[in-house]
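One structure is given here, and the rest of the page talks about it.
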Amino acid sequence: MKLYSLTHLADHTLLQALASLVTQDHVTTAALLAHLAEVDERKLYLPAAHSSMYSYCLQALHMSEDTAFKRLRVARTARQFPA
């Protein structure tokens, strides 16, 4: 059985799994943003030979330009306004 072949799932099972994955995504996204903000604050990208956190996201973390820009913006904003 392939991981992405979901045709065998009953409707209610598929909907429950989707809701669970969305919850997991929210948790992992929050953790990712917190980690990005902390690495940025500590400037841990410098010892890794990157001139900026943006460069680190692109080259070391293999994010797209759009993803790196958006996530860094949100991570920095969240750090500035933690409440």
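Between the OG1 atom in T13 and the CG atom in L18 there is a gap of 12.5 Å [rounded to 0.5 Å]. Between atom OG of residue S55 and atom OH of residue Y45 there is a gap of 10.0 Å, rounded to the nearest 0.5 Å.
Contact check for L21 versus Q24: side-chain heavy atoms found under the 4.5 Å cut-off. In this structure, L61 and L36 have side chains that are in contact, with non-hydrogen atoms separated by less than 4.5 Å. Within the 4.5 Å cutoff, the side chain of K43 has heavy atoms near those of the L46 side chain.
Ring-centre distance between H50 and Y56: below the 6.0 Å cut-off.
In terms of modelled atom types and a separation under 3.5 Å, the side chain of T29 and the main chain of H26 share no donor-acceptor contact.
Contacts of E41 classified as salt bridge (Lys or Arg N to Asp or Glu O under 4.0 Å), with partners at least two apart in sequence or in another chain: R79. Shown here are the side-chain contact (heavy atoms from CB on, under 4.5 Å) partners of L72, two or more places apart in sequence or in another chain: M53, Y54, C57, R76. Not counting sequence neighbours, T77 has no partner by the side-chain hydrogen bond (donor to acceptor under 3.5 Å, both in side chains) test.
With a 6.0 Å radius and a threshold of 12 heavy atoms from other residues, nucleotides or ligands, D11 has its CG atom at or below the threshold.
Under a hydrophobic clustering in which Ile, Leu, Val, Met, Phe, Trp and Tyr are joined whenever their side-chain heavy atoms come within less than 4.5 Å, directly or via other members, F69 and L58 fall into the same cluster.
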